[in-house]
There are 2 protein chains.
Amino acid sequence: MNPVSSNSNNSGAPSGSGAGGNGTGGSPTFSPLYQQIKALITQSLQSGEWKPGEMIPSEVELAGRFKVSQGTVRKAIDELAAENLVMRRQGKGTFVSTHHEARAHFRFLRLMPDEGVPHHPDNKIIEVKRMRAPAEVARLLDLKSGDAVVYIKRVQSFEGAPTILEELWLPGLLFKGLTAERLVEYKGPMYGLFESEFGTRMIRATEKIRAVAADASAAEFLHVLEGTPLLCAERVSFTYGDKAVELRRGLYLTSQHHYQNELS
Amino acid sequence: MNPVSSNSNNSGAPSGSGAGGNGTGGSPTFSPLYQQIKALITQSLQSGEWKPGEMIPSEVELAGRFKVSQGTVRKAIDELAAENLVMRRQGKGTFVSTHHEARAHFRFLRLMPDEGVPHHPDNKIIEVKRMRAPAEVARLLDLKSGDAVVYIKRVQSFEGAPTILEELWLPGLLFKGLTAERLVEYKGPMYGLFESEFGTRMIRATEKIRAVAADASAAEFLHVLEGTPLLCAERVSFTYGDKAVELRRGLYLTSQHHYQNELS
DNA sequence: GAGTGGTCTAGACCACTAA
DNA sequence: TAGTGGTCTAGACCACTCA
């Protein structure tokens, strides 16, 4: 239970040479105590010991469990909160983040209406199938070419206007029971489904954005002329441990919407 | 010098009711001590007491100056560092951030080559003039319609290939001496020039991104056919106090480059 | 060796939430 | 009233930089 007893300097004693037995085994990995605590907490999040939406143990309790001061636990949790893995609520506790929240939606859905308030999209599933990963998909998802993947194609509409044409590729091993029926009947963001039903939580993502011309197929789905400029966002999403678990290629019609970004 | 003595609980005494005289005047603004310290430090940054690239006083010295503990100063600086206003360097000190650094460049230049390492662009100034702000520009820059603005148009090339066509609007009051000659002879990022010569430091920005078709003019500058899909980024930049100080409209050719973004 | 930021502790009190 | 996170202090030591 005790974290790596590296430069142990605990207990009021003035200390000098560590009483914890250091300098022996000698794995070359040193890191601050709070980083070790953070890693331990992250493990519990990843293993599902504390599920999305649930409260994690209080700072005082974790401090006792890990045999460190509350301040050290606090710094660990501070970083986890900054990374949106947990959310702190004064007077209540610290809770595991979940995609079943309005706040999380807009972290990953950056398309905003030019005027008016954001609406939730209507989803229409076009296609769901299992297939072998093409080389490019395999490379981005860190799979072997030919490994099983789930392919999803859908259109999202705002106020009745088709606006997003999206294709997704998911590792087949992680999404065994994913069917078109389940996708269709599920209301809410897809990441919520992934989190609840498949235990895979998206933590962060990288996107590469380009402008492209609508081909015949895209033009039909989005009700525009072939050649219409579309915004193309290629996203790779990661879960705990920086493991890639989703490839998504979205085509956005940006005549009434824009991709909102903050630079800081 | 002493920050607002609100819920003053300093000096080892057990304390009870504040000795600092609270509950009298009663401005309804309460904030944690470290936030007040943060505001004071930000003021010094804004006023130029410590200039970009310079070291700010040490935590110990600031703690003495503000009559608070080092931990409180530390928390204030932690947040400023998180907002990229200052940079900490262990063993050396805390330094005011500057745009004259490779690190800062890529926070605001998100266009990356699809292959190979990023290069610095060649800039070609097309036009610089003073004009009266159109209504739309005035609105976004929080000016009155008709106020003086500086207008800049330029093309940026990577490896000889024109890739970015940019228009900028700057408040005339803040950029009085800005001339085409100065822009042409200056090497490096424009924000560096703004910071050094005009004392205006860009802190953060918001961008709205769309896909558009190249018009005749853009097509000519970027050496593409009219109608070619281009990525259009409309940026509003802010300095201290969330004051808008730049409007920028960029057209990006994304056949060999992409806009890189991180979602977290 | 002096000075800086970085880590860690121990303890106090405050602000908020819910029973 | 009890429990939670949030703030603040005081002091110790570590890791790094530089003269």
Side-chain angles (χ1 to χ4, degrees), chain A residues 2-20 22-23 30-38 41 54-64 66-82 86-96, chain B residues 2-20 22-23 30-38 41 54-64 66-82 86-96:
Chain A
N2 217 338
V4 176
S5 60
S6 51
N7 34 0
S8 68
N9 184 26
N10 308 356
S11 65
S15 127
S17 52
N22 193 13
F30 284 100
S31 69
L33 242 191
Y34 77 90
Q35 290 284 8
Q36 302 175 35
I37 303 300
K38 182 184 169 189
I41 296 175
E54 289 181 5
M55 180 179 159
I56 74 172
S58 74
E59 296 176 354
V60 173
E61 182 176 340
L62 289 173
F66 296 134
K67 298 283 196 301
V68 300
S69 81
Q70 183 182 355
T72 300
V73 170
R74 187 164 186 75
K75 180 147 189 179
I77 295 180
D78 276 346
E79 291 204 352
L80 293 172
V86 299
M87 286 190 17
R88 325 191 72 144
R89 292 188 222 160
Q90 188 176 33
K92 300 180 75 172
T94 301
F95 297 79
V96 184
Chain B
N2 217 339
V4 177
S5 60
S6 50
N7 33 0
S8 67
N9 183 26
N10 307 356
S11 65
S15 129
S17 52
N22 194 13
F30 283 100
S31 70
L33 244 190
Y34 77 89
Q35 290 284 8
Q36 301 176 35
I37 303 301
K38 182 183 169 190
I41 296 175
E54 288 180 8
M55 179 179 158
I56 75 173
S58 75
E59 295 176 354
V60 173
E61 182 176 341
L62 288 174
F66 295 133
K67 298 283 195 302
V68 300
S69 80
Q70 183 181 354
T72 300
V73 170
R74 188 166 186 74
K75 181 147 188 180
I77 295 180
D78 275 346
E79 290 203 352
L80 293 172
V86 299
M87 285 189 17
R88 323 191 74 143
R89 292 188 222 159
Q90 189 177 29
K92 301 179 77 172
T94 300
F95 298 79
V96 184

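Chain identifiers are assigned alphabetically (A, B, ...) following the order of the sequence lines, protein sequences preceding nucleic acid strands; residue numbering begins at 1 within each chain. Keep in mind that what you see is a predicted model, and the values were worked out from it rather than measured. Heavy-atom basis, side chains included; hydrogens, waters and symmetry copies ignored.
At a threshold of 4.5 Å between non-hydrogen side-chain atoms, the residues A:Ile41 and A:Val86 do not count as touching. Side-chain contact between A:Met87 and A:Lys92 is absent, with no heavy atoms from C-beta onward closer than 4.5 Å.
We find that CD of A:Glu54 is positioned 17 Å from C1' of D:dT4, with the value rounded to whole Å. If you take CG of B:Asp78 and C1' of D:dC8, they are 14 Å apart, rounded to a whole angstrom. The distance from atom CG of B:Leu62 to atom P of D:dC8 is 16 Å, rounded to the nearest whole Å. To the nearest angstrom, P of C:dG5 lies 8 Å from CD of B:Gln70. Summarising the geometry, the separation between NZ on A:Lys67 and C1' on C:dT9 is reported as 16 Å, rounded to the nearest angstrom. Atom CD in A:Gln90 sits roughly 7 Å away from atom P in D:dT7 (whole-Å rounding). Rounded to an integer number of Å, the gap from A:Gln35 CD to C:dC8 P is 9 Å. Summarising the geometry, the separation between NZ on A:Lys38 and P on C:dG6 is reported as 15 Å, rounded to the nearest angstrom.
Proximity of A:Ser69 to the phosphate of C:dC8: no side-chain N or O atom is located under 4.0 Å from OP1 or OP2. At the phosphate of C:dG3, neither OP1 nor OP2 sits under 4.0 Å from any side-chain N or O atom of B:Ser58. The phosphate of D:dC18 (OP1 or OP2) has a side-chain N or O of B:Lys92 nearer than 4.0 angstrom. Listed pair A:Thr94 / D:dG5 meets the phosphate criterion, a side-chain N or O lying under 4.0 Å from OP1 or OP2. Of the side-chain N and O atoms in B:Lys75, none sit less than 4.0 angstrom from OP1 or OP2 of D:dC8. For the OP1/OP2 pair of C:dG6 and a distance below 4.0 Å, the side-chain nitrogens and oxygens of B:Arg74 include at least one atom meeting the criterion.
Closest to the side chain of B:Arg88, from the set D:dC8, D:dG5, C:dG5, is C:dG5. Nearest nucleotide to the side chain of B:Met55, out of C:dT4, D:dT9, D:dG5: C:dT4. Closest contact between the side chain of A:Thr72 and the listed nucleotides C:dG5, C:dT9, D:dT7 involves C:dT9.
For the atom pair CG of A:Asp78 and CG of B:Asp78, the computed distance is 9.0 Å after rounding to the nearest 0.5 Å. For the atom pair B:Ile77 CD1 and B:Leu62 CG, the distance stands at 5.5 Å (nearest 0.5 Å).
Counting non-hydrogen atoms under 4.0 angstrom, A:Glu59 reaches the backbone sugars and phosphates but no base. Across all strands, A:Arg89 comes closer than 4.0 Å only to sugar-phosphate atoms, never to a base (heavy-atom distances).
Remark on DNA chain C: of its neighbouring residues A:Gly71 and B:Ile77, the 5'-side contact belongs to B:Ile77, judged by nearest-heavy-atom nucleotide.
Formation of a donor-acceptor pair under 3.5 Å by the B:Gln36 side chain with backbone atoms of B:Ser31 is found in this model.
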